[in-house]
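Just the heavy atoms: all of them, side chains too, but no hydrogens, waters or symmetry mates, feed the values below. Because the structure is predicted, anything quoted here is derived from the model rather than measured. So that the names make sense, note that chain A is the first sequence line, chain B the second, and so on, each numbered from 1.
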Amino acid sequence: MSRTQRFGLLASAVAIAVAAFLILGTGDDEEEATLTPGPPAAGTARETATAPSALEPPPVVEKVRLQDLAPVGGVKEIEAAKGDTIRFVVVSDGADQIHLHGYDITLDAGPGKPARFRVKADIEGIFEIESHEAEQAGKDPLVAKLRVEP
Amino acid sequence: VLQIAHGLGEVTNLPIPEELFISGAAVVLIVTFLGLAVLWPQPKLEDGPWRPLPLGLGRALTSAPVEILCGAIGLFLLGVVVWSGVSGLQVANANFATVFVYVTFWVGLVPLSVLFGDVFRAFNPWRAAGRAIAWVAQRAAGGSLPAPLQYPDWLGRWPAALGIFLFTTLELVAGNGDLPENVAIAALVYSAFTWIAMALFGVEAWIDRGEAFSVYFNLFSRLSVFERRGGELGLRLPLSGLPSLRPLPGTVPLLAVMIGSVSFDGFSETPPWNDIAPDIARFFEDLNLSPQHALEATFLVGLIGATLVIYCLYRLAMLGVRSVGDGFASGTLAARFIHSLAPIALAYVAAHYLTLLLYDGQRTWSLASNPLGESGTDLFGTAGRPVDYTVIGAKSAWYWQVGFVVLGHIAGLTLAHDRALVMYDKAKLAVRSQYWVLVVMVVFTSLALWLLWKANA
């Protein structure tokens, strides 16, 4: 290969590196831009931080309703970040056992007796939440998915 | 969401972030151009040096007692798989059969082969039993017993390609492929088939080209620095085991199945698949298939489709290489460059099954204590051990996955470059032929990254 060809290839490599850097650079900017509306909210949070903890916003509790062993409105994805406390409730119209994979927690659910999950999100990944009764009945047991981002 | 029941793998990978996808792809391209600019002008990997292990270790490790012991362990494990599959609890991840076959064996032996060489050859239960029976038969006959049939040249690695295809069909397509009982039945059927084939063509001839798992793991073991020559274990240059892969018929389809099946396993978790799959399933339901069978037919279409896409991309690139000149047919070129896809196949397996092995692989220990999944059994005191899902976090998994893909790309590039130098008399033609090989490698590598980015997104 000639000298000029080698230089050409090296130049291409550099050009790709620069292009990738620029693409990633603008990506970061966008992220910052979407975050800018944040500070005022953060400010109010800091102001109330001195107040008793009872004033903290109530935790968001996701709710999944099971009818005839299937989740109403399809399979939802419950999102959490690592370190959060995950809270969700599964309500079923029949006696059931709800299993959260990975964390390996099984709770009873039934009419008037929702399964209340309260878990510290310390494992990252996507986990299936399944109905034991649906599995026994040979139906798709998937109730919802839990997604824990790092 | 359309889904085939997967009893294994309770945790699904988080998709890699977009930044990592772009930087991974950029690194792949940079490496490609840097490689072209700086790679060596003389072939280095063909007929690389080999040195036996010191202190007589090379002979000790391949001695008859070690072979017999390893073979016996392999046969024992095959027996445990069949026994636990048939009589154990019919729950995929609470039964030794399923976890051992799909995780410990199928995924776990890949890194072992890459690190330590052709480990499976030693532990292969079919080879061990075949050799034992051949030994007894020869004693009884009072002389050597030649195989009744000569292994046909045209058959090449076709049986292995078909075997891997059927195994991945059981794993990814069949709705009840993870039922322990079915795993046991599959193991029995495959054993019977393999022993009949060995009786017809000879044990070593069948192991060499026909037995799917031998061929599969042997391909990965060629990436290792350990190689057996003349009954002795020795060391060779990294990557120098692949150029000696004989270009037998069926090798290109084998690699297409290997890369295609992993691609499809990833692709079946992406939004594009979830969009088209229900339509395909509806088509099969209109043909009066039950919903379950329609779903399986849909996944079969996906698996075959992914394999064909990989095959066609590679053959297209070889048409490009042919246009460079020097009178090579594209079939010849496809056969002579195919070894450079082995590291790409490894990258696919490593990136896709990393967390499955690290998480579900842990079940091997607990199920070794309790192979049937019965409550109360605890042979080695490890039965109750839960899977530790914190052994690798999502972020480190991402970096390892992208790292494997980039490394596989570099290794494939290196092998193809070395081969081109051997094939073409003129260095100029060698370099020009590489442009086409590079394009297909960049496509395969980018596809691997894209799957990591889009799966579960």
Under 4.5 Å heavy-atom distance to chain A, tell me which part of [X] shows up: side chain, backbone, both or neither.
{"X": "V387(B)", "answer": "neither"}
{"X": "K428(B)", "answer": "neither"}
{"X": "N13(B)", "answer": "backbone"}

query = What do you reckon, is CH2 of W436(B) surrounded by more than 12 foreign heavy atoms closer than 6.0 Å?
reply = no

message = Is it true that, when you exclude W400(B) itself, more than 12 heavy atoms of the residues, nucleotides or ligands shown sit nearer than 6.0 Å to its CH2?
response = no

inquiry  = Just by distance, no angles: are the side chains of T32(B) and H409(B) close enough, under 3.5 Å, to form a donor-acceptor pair?
reply    =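 Looking only at side-chain atoms, H409(B) and T32(B) do form a donor-acceptor pair, the distance falling under 3.5 Å.
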
Which bit of [X] is near chain B, if near means a heavy-atom gap under 4.5 Å: side chain, backbone, both or neither?
{"X": "E130(A)", "result": "neither"}
{"X": "D104(A)", "result": "neither"}
{"X": "V148(A)", "result": "backbone"}

inquiry  = Could you go through W398(B) and F21(B), starting from their C-alpha distance and side-chain angles, then the distance that decides it, and tell me whether this counts as ring pair (Phe, Tyr, Trp, His ring centres under 6.0 Å)?
reply    = CA-CA 10 Å; W398(B) 292 337; F21(B) 167 70; over 10 Å; no

Ion pair K145(A)/E77(A), N-O distance below 4.0 Å =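 Looking at K145(A) and E77(A), the cut-off is not met.
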
